[in-house]
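Count residues from 1 along the sequence. We count ligands from 1, going down the list as the structure has it; atoms in each ligand are counted the same way. None of the values given here were measured: they were computed from a predicted structure.
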Amino acid sequence: MSLYIILMGVQGAGKGEQAKFIRERYGIPHVSTGDLFRAMKTREDELAKRVQQIMASGNLVDDATTNEVVKDRLSQPDAQGGVIFDGYPRTPNQAAWLESYLAERGEQINAVILLDLDLYTAFKRAFGRVSTAAGKTYNIYFNADGLQEFKFEDHPEKQFPPRLVAVEQGTGERLIRRADDANADAILKRIDTFVATTQPLIDYFDAKNLVKRVNADQSIEAVSTAIQQVIG
Ligand code: AMP
């Protein structure tokens with residue numbers, strides 16, 4: 001039997017980690033439409049150029065193009081046992097198209113897993129995240145044990161928002177903060193956009209009894225276990 005899972009969650013809910021878990025546990029590939037579109041960056045054809053333009057503007061790619069790209073991905077050999085969708089569907093139209101596409105093949109969406117996280121925690125997971133050059137991450141709110149110190153430093157003329165300075169214990173390495181995490185406005189905007197675009201989809205799938213809510217405010221392992229129970 002094939003397994004088609006839709007994974008949803010606000011940024012910071014741990015979608016990436018859980019997609020990896022599902023992929024390894026159930027042997028189905030992770031299909032992120034954002035990744036598929038980004039992979040078109042090096043292509044010169046009309047479709048790829050149009051997608052690049054739309055992404056740069058921050059808008060959504062139109063449903064027809066998105067569905068076409070998904071259809072192509074689903075036809076590949078590694079996707080025959082199902083997939084985990086991430087970032088797709090983004091609109092009720094895409095959802096309806098996916099359902100009918102799968103139904104034509106005798107398949108269906110098995111579950112819509114919503115990684116449930118309160119928005120304040122989601123904000124702190126992004127805003128408080130710092131990492132080493134090698135990619136080890138800490139969070140000043142949740143995971144500060146390995147930090148020698150952290151503090152917010154005011155710009156002398158208050159021209160910029162305070163800067164987060166964090167140093168790793170032991171190595172003394174000054175930690176890095178992603179530019180998009182350092183900008184509180186940008187984080188709030190991403191969260192707002194998530195809520196605005198996801199709610200209609202949650203309503204759509206709730207009406208079909210497909211949405212399974214998993215508490216994302218627990219350890220990665222505990223969330224994985226809960227997901228396994230849902231899929232099981
Ligand atoms: P993401 O990495 O999921 O945030 O996607 C990056 C960008 O790709 C989005 O801002 C959209 O422009 C585009 N995109 C990704 N998935 C979709 C989708 N399902 N429908 C429309 N546009 C999408």
Side-chain angles (χ1 to χ4, degrees), residues 4-23 28-76 79 82-102 107 109-117 119 122-123 125-127 129 135 178-183 185-205 208 210-211 216:
Y4 292 90
I5 304 279
I6 294 170
L7 196 54
M8 296 201 291
V10 66
Q11 74 149 68
K15 232 174 11 156
E17 285 289 343
Q18 299 307 331
K20 186 164 159 251
F21 166 77
I22 299 171
R23 193 185 70 212
I28 53 177
H30 174 199
V31 172
S32 148
T33 40
D35 286 350
L36 291 175
F37 289 142
R38 274 184 290 276
M40 291 180 162
K41 259 199 184 133
T42 49
R43 278 175 30 187
E44 289 284 316
D45 53 290
E46 280 310 308
L47 173 69
K49 279 195 210 153
R50 187 151 47 92
V51 166
Q52 283 161 36
Q53 242 169 28
I54 297 171
M55 282 178 81
S57 72
N59 292 317
L60 286 183
V61 177
D62 60 280
D63 290 337
T65 304
T66 305
N67 293 337
E68 200 54 39
V69 167
V70 168
K71 181 175 166 184
D72 177 65
R73 181 67 188 88
L74 292 181
S75 71
Q76 289 166 26
V83 302
I84 313 150
F85 291 107
D86 175 0
Y88 179 89
R90 280 278 229 284
T91 65
N93 263 337
Q94 292 178 7
W97 178 85
L98 177 64
E99 281 184 314
S100 69
Y101 180 80
L102 292 178
E107 303 288 357
I109 296 164
N110 300 91
V112 177
I113 297 178
L114 175 60
L115 298 178
D116 227 354
L117 189 67
L119 301 182
F123 177 85
R125 284 192 180 178
F127 195 68
R129 177 163 52 190
R178 268 170 40 180
D180 54 344
D181 286 345
N183 183 340
D185 285 343
I187 299 174
L188 289 177
K189 193 163 173 230
R190 295 204 301 269
I191 292 176
D192 275 352
T193 305
F194 170 81
V195 172
T197 56
T198 311
Q199 198 54 52
L201 280 169
I202 295 174
D203 295 343
Y204 179 93
F205 286 123
K208 297 168 186 262
L210 279 172
V211 181

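Donor-acceptor pairing under 3.5 Å is lacking for the side chains of R90 and T66. Defined by atom type and a distance below 3.5 Å, a donor-acceptor pair is missing between the side-chain atoms of Y204 and N93.
The backbone N or O of M40 lies less than 3.5 Å from a partner atom in the side chain of Q52, making a donor-acceptor pair. Proximity of a side-chain donor or acceptor of S100 to a complementary backbone N or O of W97 within less than 3.5 Å is detected.
Atom NZ of K15 is separated from atom CG of L117 by 12.5 Å, given to the nearest 0.5 angstrom.
The shortest N or O to N or O distance between V61 and ligand 1 is under 3.5 Å. At under 3.5 Å, a nitrogen or oxygen of G87, whether backbone or side chain, sits near a nitrogen or oxygen of ligand 1.
Remark: among candidates Q11, K15, R190, R90, the nearest residue to atom 1 (P) of ligand 1 is R90, based on non-hydrogen atoms.
Nearest protein heavy-atom contact of atom 17 (C) of ligand 1 is T33 OG1, 3.5 Å.
Close approach to T66 involves these atoms of ligand 1, each under 4.0 Å from a residue heavy atom: 18 (C), 19 (N), 20 (N), 21 (C). When each atom of ligand 1 is checked for a heavy atom of R38 under 4.0 Å away, the hits are 2 (O), 6 (C). In summary, the atoms of ligand 1 found under 4.0 Å from a heavy atom of N59, numbered by their order in the structure, are 11 (C), 12 (O).
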